[in-house]
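Only one structure is covered here, and it is reproduced in the block below.
None of these values were measured; they are calculated from a predicted model.
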Amino acid sequence: MFLPNTSEVEVSTFLLIGIPGLEHMHGWISIPICLMYLMAIVGNCTILCVTRTEPSLHEPMYYFLSMLALSDLGLSCSSIPTMLSFFLFNTMGISVDACIAQEFFIHGFTDMESSVLLIMSFDRFVAIRHPLRYSSILTSSRVVQIGLVFAVKSILLVLPLPFTLKRLRYCNKRLLSHSYCLHQDVMKLACSDNKVNFYYGLFVALCMMSDSVFIAVSYVFILKTELGIASHGERLKARNTCVSHICAVLIFYVPIITLATMHRFAKHKSPLAMILIADAFLLVPPLMNPIVYCVKTRQIRVKVLEKLGLKSK
């Protein structure tokens, strides 16, 4: 007769962790996190407000930028409040259901941002390859359709994750690896078979990383087109239109690739370095993307300064 293992106690709450070795400074660490969160909210809301209210910015490039701002807002709002609650009030516990819901939104908005960066690389290719036909190729209705298709794709891609996690049993192990919830982190705490979660999580990760491959391919074609432009001034102008997007791609993908490389190849992984890079992935892109686009894109910079009652040079 089968006897259940009474030592396996099913848990209803997971425990978050902060930064190893700096537990005594968690209160101080919450200050820059809070400032970065507020700046990310203000910056991305400014992008959305300026793009919506300025008719001169009603162009495909700025519509896609608005999609990027929405993705950044979603990524910030789904993760950073939990981090702040932990660092400010030492709120270590999070229910299993809340944790599963949070990982769904974090992964969903992460994939959405990756998709938007891919769309923006295609936008830059069309603008450089077919400048005279740009507006006719990327019409407003077509931009909306592209945005909706990729948004639905991101939702459907990560939708199975919470259901596959929910079917698992969690017993004894409760300690997560971050101050927020990720699919791979929650999956490792299960005491039942998690092969489905492992393989589907790998599939989701590969789908997102494939976006970076297509972005690289887009820039190969952009570079090829740029080299075919006879005028040096036109080549420089074409190159400058891509600088902001390249910065956004690097800000987003460098932490992801660094973490993946450390997980795969590092023999002696530093827990502190892993946590700092993972936190930077959630904190830095929503903060830096509005700054990069305001600094490098003159049209946005001018309109933002006008809204603030200042004049741009």
Side-chain angles (χ1 to χ4, degrees), residues 35-81 105-106 108-128 131 133-155 211 215 240-249 251-252 282-313:
L35 290 175
M36 294 173 76
Y37 179 49
L38 292 175
M39 290 175 66
I41 296 295
V42 171
N44 286 290
C45 286
T46 300
I47 293 287
L48 290 172
C49 179
V50 170
T51 304
R52 183 177 182 276
T53 57
E54 289 296 331
S56 62
L57 299 182
H58 291 177
E59 298 179 8
M61 173 184 173
Y62 304 108
Y63 290 143
F64 293 136
L65 179 57
S66 297
M67 295 178 195
L68 185 66
L70 283 173
S71 301
D72 282 332
L73 282 173
L75 193 59
S76 295
C77 293
S78 60
S79 58
I80 300 180
F105 285 109
I106 289 177
F109 283 114
T110 298
D111 184 78
M112 196 174 296
E113 180 150 349
S114 178
S115 298
V116 173
L117 290 172
L118 172 59
I119 298 169
M120 294 175 82
S121 69
F122 172 72
D123 168 73
R124 291 299 83 205
F125 170 70
V126 174
I128 293 172
R133 297 173 53 206
Y134 176 68
S135 298
S136 61
I137 294 174
L138 290 175
T139 60
S140 296
S141 60
R142 194 164 291 168
V143 167
V144 172
Q145 290 171 1
I146 292 172
L148 287 175
V149 166
F150 276 88
V152 171
K153 167 255 182 185
S154 296
I155 294 171
D211 290 344
I215 291 171
N240 286 337
T241 63
C242 299
V243 171
S244 299
H245 179 255
I246 292 172
C247 290
V249 169
I251 289 168
F252 181 78
L282 293 178
L283 290 167
V284 175
L287 171 69
M288 292 304 299
N289 285 339
I291 295 174
V292 167
Y293 273 93
C294 283
V295 170
K296 297 301 296 181
T297 308
R298 184 180 178 277
Q299 293 90 330
I300 295 178
R301 184 173 67 250
V302 168
K303 297 303 179 182
V304 169
L305 291 175
E306 285 180 358
K307 293 288 184 183
L308 296 174
L310 302 171
K311 293 182 179 180
S312 71
K313 297 181 179 180

OG of Ser71 to CG of Asn289: how many Å apart, nearest 0.5 Å?
9.5 Å
Identify the two heavy atoms, one from Ser76 and one from Pro81, that lie closest to each other, and give their separation to 0.1 Å.
O-CD, 3.3 Å
Side chains of Met112 and Lys153, heavy atoms from C-beta outward: is any pair under 4.5 Å?
no
Heavy-atom side-chain proximity of Lys296 to Cys247 below 4.5 angstrom
no
Donor-acceptor contact below 3.5 Å, side chain Thr139 vs main chain Ser136
no
Beyond-backbone contact of Ile47 with Cys294, side-chain heavy atoms, under 4.5 angstrom:
yes
All heavy atoms of Asp72 vs all of Pro286, minimum pair found to be CG-CA, 3.6 Å
Any side-chain heavy-atom pair from Tyr134 and Asp123 closer than 4.5 angstrom?
yes
What distance separates Tyr293 OH from Thr51 OG1, expressed to the nearest 0.5 Å?
11.5 Å
Which atom pair, heavy atoms only, marks the closest approach of Lys303 to Val50?
CB-CG1, 3.6 Å
Parallel under 30°, tilted from 30 to 60°, perpendicular over 60°: which one fits the rings of Phe125 and Phe122?
tilted
Under 3.5 Å, side chain of Ser114 to main-chain N/O of Thr110, donor-acceptor pair present?
no
Would you give the length of the straight line joining atom CG of Leu283 to atom CE of Met39, rounded to the nearest 0.5 angstrom?
12.0 Å
Determine the minimum heavy-atom distance between Ile251 and Pro285, stating which atoms define it.
CG2-CA, 3.6 Å
Separation between CD1 (Ile80) and CG (Leu75), nearest 0.5 Å, reads 7.5 Å
Ile128 vs Cys242 side-chain heavy atoms within contact, under 4.5 Å
yes
Is it the case that the side chain of Ser121 and the backbone of Leu118 share a donor-acceptor pair, with hydrogens and angles ignored and the cut-off at 3.5 Å?
yes
Are the side chains of Tyr37 and Cys77 in touch, meaning some heavy atoms are under 4.5 Å apart?
yes
Between atom CE of Met120 and atom CD of Glu113, what is the distance when rounded to the nearest 0.5 Å?
9.5 Å
Heavy-atom count check: over 12 atoms from other residues, nucleotides or ligands less than 6.0 Å from Met36 CE?
yes
N/O donor-acceptor pairs under 3.5 Å from side chains in residues 63-70, not counting sequence neighbours:
{"residue": "Ser66", "atom": "OG", "partner": "Tyr62", "partner atom": "O", "Å": "3.0"}

Distance from Ile155 atom CD1 to Phe105 atom CZ, nearest 0.5 Å?
9.0 Å
Testing the basics here: between Leu117 and His245, what is the closest heavy-atom pair and its distance to 0.1 Å?
O-NE2, 2.7 Å
